Amino acid sequence: MCGIVAYIGHKEAYPIIIKGLKRLEYRGYDSAGIALLNDGSLNVYKKQGKVANLEEYSSDKDRGGHSGIGHTRWATHGEPNDINAHPHLSEDEDLAIIHNGIIENYDSIKKELLSKGYTFKSDTDTEVLCYLINDIRKNTGTKLGEAVRLALQQVIGAYAIVVISKSEPDKIIAARKSSPLVVGIGHEGDFYLASDATPIVEYTKRVVYMNDEEIAVLRAGEEMKLYGIDDVEKTPYVQELELHLEALEKGGYDHFMLKEIHEQPRSIEDCFRGRMNAEKGWVSLGGIKEYEQKMVNANRIIMIACGTSWHACLVGEYLFEDLARINVEVEYASEFRYRNPIITENDVVIAVSQSGETADTLAALELAKSKGATILGICNVVGSSISRITDAGSYTHAGPEIGVASTKAFTAQVTVLTLMALSLAKRKGTISESEFRTKLSELEAIPQKVQQILEKNDKIKYIAAQYQNASNALYLGRGSSFPVALEGALKLKEISYIHAEGYPAAEMKHGPIALIDEEMPVFVIATKGTSYEKVVSNIQEVKARKGKIIAIVTEGDVQVTAIADHVIEIPEVDEHLVPLLATIPFQLLSYHIAVMRKCNVDQPRNLAKSVTVE
Ligand code: M6R
């Protein structure tokens, strides 16, 4: 939540920071702001709303300078207005700070500062931290870096901060704890800082991912200095980025979400490429190989995640239990971390997260680690916090996902979980060799089948048009299609603001059936397989109450096609792989409905891509 960007070097800072903020806008878009050091002045511009508002507002102002910081906000403390926008200034207007995270004890620090006679302009925790740093600097006569260090020792909470000062204009001070921060090391002694590498990749591929409780001191033309909060100097670990600039552009699509939906044939293939061979009959997830026996022997596997990633875990639960006969529990990270769960050294905890930065998932993992469990990760963002704190893991290799609504990350997560389940099943001997090979070749064919579904876009758009004015929608599925129903409902509500709920199809008669009338669209996954006949009965129950049925069926289906209002056919596929296909029409339906309702598809209201606060 919140994106931060900073630059110090020989170039003009403003264009670099603004471009970076646009790349990070997916992290929050309640307000945007920038502070620039130019010839002894500290110029701060901030505006409610998107980065474009800030650009327009500052267009007639002094935007010069070779050092600056910028912020795009997802509001936590204080409403999203100009005053609460970052950067925040110290009371004497010498310091400017940007912050991503939450200072939990800000209230007690604020009271102490108020008792010293300070007055505050905003309602934010960030302004309090800025005042605290400056107060320490003045009282102890220390330089900025040391004042930041001393202030952070008093802070409880999460932060990625960058601070600049009018009286010490030659440097930028940055620090992090539980919120991400990457430093890009430029070719001419310049430095780029950002919440993720996307604003940096255009200028340099050499990056340092800062760790918790580290403070960086950056001066143009000099080496990066890195210290622990205990003041011990550290050697920065420089890594080479694998990110490509094209992956961050819309590439001719109207929205990132649409581009990402269409990327799925490739992203799914990228996810399994080199990790399996159907002909030779092997699966190998290098990252977790040495933990597989531990997973097989585990008491149970606990999968933790939030949102869409949690839905992927539910699919994973079906796959692990059915194929590998391993006991799996799926937990919302936010509940798990506060529930005093019983965790032992014989448990394996797998965190699933696109961003690898979700605060609740990180905290739940840390809890599990502290109790001695083995912790593994399935992440998309390389170098993210979750990928760094876990014992081992597998990347999903879906490429950057910019649309706030998760699409290709979900199918990539399900692909990795499928590979894991198959690998464990083989190791445990719960799958026959021929079944194993058949499933691998079915998986190999998935990208092409996804492509076939994408080619039905016009039909799906036509169906979307029929339901664009709905106020509510139900999504039903059974078995591993139940999480697909949940995910379909989440996609619709988050981008089109239509209230939608996902249910196991058989649960409908225990309550939700009361909602059904001729106005209610009911989206059902009714593909060939074990529960087909039962789902057909559920569809009949809806039809008897005049509900509208939009069914995802297997090609050639007759029974459901005869009674549904609309059907979308998907290619025939192994039952365990249905989620990878059935989710695609739901993504497209939600996308088209949201566009027809003139909603902001890539940046839905109130949301942010990376939820780094609890
Ligand atoms: O980055 P993560 O996968 O940990 O994010 C978890 C959720 O915030 C995320 O899946 C969210 O529900 C989706 N963006 C919604 O489409």
Side-chain angles (χ1 to χ4, degrees), residues 1-6 13-14 17-18 20-22 24-25 27-38 41-63 65 68-135 151 155 157-166 179 195 603 605-608 612-613:
M1 248 71 178
C2 301
I4 64 182
V5 187
Y14 175 80
I17 294 171
I18 285 291
L21 288 179
K22 286 187 177 163
L24 291 185
E25 214 167 28
R27 301 178 67 90
Y29 27 84
D30 288 333
S31 64
I34 192 164
L36 298 159
L37 281 169
N38 192 19
S41 351
L42 178 56
N43 298 317
V44 181
Y45 312 118
K46 31 197 217 175
K47 225 45 216 153
Q48 185 178 347
K50 303 218 163 183
V51 179
N53 293 2
L54 170 68
E55 272 184 294
E56 196 190 320
Y57 169 72
S58 63
S59 59
D60 57 352
K61 307 198 164 49
D62 175 7
R63 303 195 294 200
I69 57 181
H71 188 271
T72 175
R73 178 169 187 242
W74 187 84
T76 56
H77 291 70
E79 64 175 279
N81 57 25
D82 293 355
I83 294 175
N84 289 330
H86 298 213
H88 288 284
L89 288 170
S90 55
E91 80 301 338
D92 60 1
E93 304 195 344
D94 186 72
L95 290 194
I97 188 171
I98 48 173
H99 169 216
N100 169 28
I102 290 185
I103 309 298
E104 286 170 16
N105 59 338
Y106 87 102
D107 205 30
S108 60
I109 299 173
K110 188 171 185 174
K111 281 193 184 118
E112 208 175 314
L113 291 167
L114 284 168
S115 73
K116 290 184 178 180
Y118 289 106
T119 53
F120 292 87
K121 296 184 185 68
S122 78
D123 308 319
T124 65
D125 50 342
T126 306
E127 190 184 30
V128 173
L129 177 59
C130 190
Y131 277 38
L132 175 67
I133 295 168
N134 211 32
D135 183 66
V155 158
Y159 53 79
I161 56 165
V162 187
V163 190
I164 52 174
S165 156
K166 201 158 55 171
S179 294
S195 301
Q603 296 174 343
R605 71 183 178 207
N606 305 337
L607 283 172
T612 55
V613 295

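All values below come from the heavy atoms of this structure, side chains included, with hydrogens, waters and symmetry mates left out. Because the structure is a prediction, the values reported are computed rather than measured.
- In this structure, OG in S31 is found 12.5 Å from CH2 in W74, a value given to the nearest 0.5 Å.
- At distances below 3.5 Å, not a single donor-acceptor pair connects side-chain atoms of Y14 with backbone N or O atoms of L36.
- Side chains of K50 and E56 form no contact here, defined as non-hydrogen atoms less than 4.5 Å apart.
- The closest side-chain donor-acceptor pair between N134 and D94, if any, does not fall under 3.5 angstrom.
- Scanning all heavy atoms of the two residues, the minimum distance from L21 to T72 falls at CD2-N, 3.8 Å.
- Between the side chain of S195 and the main chain of I4, a donor-acceptor pair closer than 3.5 Å is present.
- Within 6.0 Å of the CD atom in E104, the count of heavy atoms belonging to other residues, nucleotides or ligands exceeds 12.
- At least one side-chain heavy atom of I97 sits under 4.5 Å from a side-chain heavy atom of I133.
- Contact annotation: the side chain of V51 never approaches that of L24 to less than 4.5 Å [non-hydrogen atoms, C-beta and beyond].
- Using a 4.5 Å cut-off on side-chain heavy atoms (C-beta onward), K116 and D135 make contact.
- A distance-only check finds a donor-acceptor pair linking the side chain of H71 to the backbone of H99 [under 3.5 Å].
- Within the 4.5 Å cutoff, side-chain heavy atoms of R73 are placed close to those of N84.
- Checked by atom type and distance alone, the side chain of E91 never pairs as donor or acceptor with a backbone atom of T119 at under 3.5 Å.
- At least one donor-acceptor pair closer than 3.5 Å links the side chain of N53 to the backbone N or O of Q48.
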Q) Given the rule in the side-chain contact (heavy atoms from CB on, under 4.5 Å) test, do F120 and V128 qualify, once you have shown the distances and angles that lead to the verdict? A) CA-CA 8 Å; F120 292 87; V128 173; 4.0 Å; yes
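- Legend: residues meeting salt bridge (Lys or Arg N to Asp or Glu O under 4.0 Å) with K22, ordered by chain and number and at least two apart, are E55.
- Remark: E25 pairs with no residue by the salt bridge (Lys or Arg N to Asp or Glu O under 4.0 Å) rule, at least two apart or across chains.
- Remark: the D62 side chain and the N38 side chain contain an N/O donor-acceptor pair separated by less than 3.5 Å.
- Taking a 6.0 Å sphere around CD1 of I83, one finds it holds 12 or fewer heavy atoms contributed by other residues, nucleotides or ligands.
- The closest side-chain heavy-atom distance from I102 to Y159 is not below 4.5 Å.
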Could you go step by step and tell me if L607 and Y29 meet the side-chain contact (heavy atoms from CB on, under 4.5 Å) rule? CA-CA 9 Å; L607 283 172; Y29 27 84; 4.1 Å; yes
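- Closest approach of G101 and D125 over heavy atoms only: O-OD2, 4.0 Å.
- Relative to the ring axis of Y45, K47 does not place its NZ or CZ within 45° and under 6.0 Å from the centre.
- Although no hydrogens or angles enter the test, the distance criterion places no donor-acceptor pair under 3.5 Å between the side chain of K166 and the main chain of S41.
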- Would T126 and T124 count as a side-chain hydrogen bond (donor to acceptor under 3.5 Å, both in side chains) if you check the C-alpha gap in whole Å, the side-chain angles of each, and the deciding distance to 0.1 Å? CA-CA 5 Å; T126 306; T124 65; 4.7 Å; no
